[in-house]
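Below: one structure, written as structure tokens.
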Amino acid sequence: FAFVNGRPVRDKLISGAIRGAYADVLPPGRYPAVVLYISCDASRVDVNVHPAKTEVRFRDQGFVRGLIVSAIRQALGASRPVADTTISSATLDSFRRERSGFQPPPFRPAPDHARPAHFAEAVQAGLDMHMPPSAREAAPADAENPAAYPLGQARAQLHGNYIVAQTQTGMILVDQHAAHERIVYERLKAEQAARGIITQPLLVPQVIEVDVQAFAAILSVQDVLGQAGLAVEGFGDTSLVIREIPAALSSADWKEVLQAVADEVTELGTLQSLDGKMNHVLATFACHHSVRSGRTLRVDEMNALLRQMEVTPNAGQCNHGRPTFIELKMGDIERLFGRS
């Protein structure tokens, strides 16, 4: 519902701005619930565009669109991560449906050699999880107390992708790839808004071989990629040379990232036609740089991810609008076991 100077309107510019503001926090096929009031001087808007006066025309349409998008995004990013209650309810229903008819097998103690010496102890490369200053400053001293943090303390990792954390009021289940994807994306957006993407020149340029179609697609958006911190140019008929990369993505697989960009350009025609083309490119970068499903994390890495989620805007959804975590309250868990 949109109102301009108290008058209800159905305006394509306003509707498009609302969709654009929610573009990276809602999955495809879902729509936001919005009540938007716009007040402005009467000289800035023409209300006589439509006989029923349901449409308006703003004098400075770009300014109005930008104002709507920035206001909504600021509001969405102002609160700490909140779990989707619909998802949580569906989770409880799933538990209830599956629990009937199960008969536990006889208990057999595992031999000593089969018991892990320490949870998530396997040798592995460190996750690039540098906690921003705001997260360190906000972190309470009592790191072992689940009540000290909104998203609690990590207690386990399931199937190499889901982090189980204990909170003061229950538990949460985090999709590690989706959560890290949002963290990287918001970091890149913040850099872009502040002073441009922080880049890192390569001492030895990286040469990537692609097919003819991908080669043409990448060069068609070369300027956009440059603004996103990726300096890439063509060499020969099918070779791409990368000379500079975003510093935040120093360990990215750039062949995979460029192929993903090329696929999207081919499918959509051109990224130049997209609203928020820069954010679209940054989201693609973040998706292909984020910690992968199946990546075993140490306890400290899982907790670092949770702490970053707590200070990251829109951390409750990944870049595609899917939830990054679900929450079960103690009351819900106790009802599942018939304790209340």
Side-chain angles (χ1 to χ4, degrees), residues 17 20-25 60 62-63 65-78 128-137 180-208 217-235 240-262 264-265 268 270-291 308-309 311-315 318-320:
Y22 278 87
D24 56 9
V25 295
D60 190 341
F63 173 77
R65 187 187 188 283
L67 188 65
I68 294 171
V69 171
S70 62
I72 291 177
R73 286 181 174 169
Q74 183 177 2
L76 290 174
D128 182 18
M129 188 61 70
H130 301 297
M131 195 183 302
S134 55
R136 289 194 297 268
E137 293 165 4
H180 194 219
E181 181 181 16
R182 171 60 71 175
I183 290 168
V184 175
Y185 178 44
E186 292 296 337
R187 175 181 173 181
L188 291 173
K189 285 201 301 181
E191 288 182 5
Q192 174 67 23
R195 56 190 180 279
I197 302 295
I198 300 173
T199 60
Q200 173 182 313
L202 297 180
L203 293 177
V204 179
Q206 182 177 354
V207 180
I208 295 176
I218 291 299
L219 292 187
S220 73
V221 292
Q222 187 177 16
D223 291 343
V224 180
L225 294 174
Q227 295 173 41
L230 183 66
V232 59
E233 58 191 49
F235 179 75
L240 296 169
V241 181
I242 297 177
R243 301 190 182 278
E244 198 169 27
I245 62 174
L249 310 182
S250 58
S251 61
D253 182 338
W254 287 107
K255 182 176 178 62
E256 179 183 280
V257 172
L258 287 177
Q259 187 60 58
V261 172
E264 293 186 11
V265 172
L268 299 171
T270 172
L271 284 178
Q272 301 289 349
S273 64
L274 288 176
D275 263 352
K277 57 192 175 185
M278 177 59 65
N279 284 349
H280 193 81
V281 169
L282 296 182
T284 302
F285 285 2
C287 179
H288 289 272
H289 173 70
S290 302
V291 57
Q308 282 200 309
M309 289 176 67
V311 296
T312 298
N314 306 311
C318 74
N319 307 345
H320 313 289

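What you are looking at is a predicted structure, and each value in this text was computed from that prediction instead of being measured.
Note that the CG atom of L230 and the CH2 atom of W254 stand 5.0 Å from one another [nearest 0.5 Å]. To the nearest 0.5 Å, atom CD1 of residue I198 and atom CG of residue L249 are 11.5 Å apart. Here the CD1 atom belonging to I208 is positioned 3.5 Å from the CD1 atom belonging to I242, to the nearest 0.5 angstrom. R65 CZ to I68 CD1: the interatomic distance, rounded to the nearest 0.5 Å, is 8.5 Å. One distance of note links CZ of R187 with CD of Q308; it measures 8.5 Å at 0.5 Å rounding. For the atom pair T284 OG1 and L258 CG, the distance stands at 11.0 Å (nearest 0.5 Å).
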Report task. Could you please spell out the steps behind the side chain to side chain contact (heavy atoms under 4.5 Å, CB included) verdict for H320 and E181? Result -> CA-CA 10 Å; H320 313 289; E181 181 181 16; 3.0 Å; yes
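Nearest heavy-atom pair, V241 versus P205, reported as atom, atom and distance to 0.1 Å: CG1-CB, 3.7 Å. A pairwise comparison of heavy atoms in A315 and M309 identifies CB-O, 3.2 Å as the closest pair. Closest approach of N314 and E186 over heavy atoms only: ND2-OE2, 3.5 Å. Minimum interatomic distance between P246 and L188 (heavy atoms only, all atoms of both residues): CB-CD2, 4.4 Å. In plain terms, the two heavy atoms of N319 and C287 that are nearest each other are ND2-N, 4.4 Å. Between Q222 and E233, the shortest heavy-atom contact is NE2-CA, 3.5 Å.
Side-chain N/O atoms of T199 and E244 include a donor and acceptor closer than 3.5 Å.
Looking at V25 and R182, their side chains come closer than 4.5 Å, going by heavy atoms from C-beta outward.
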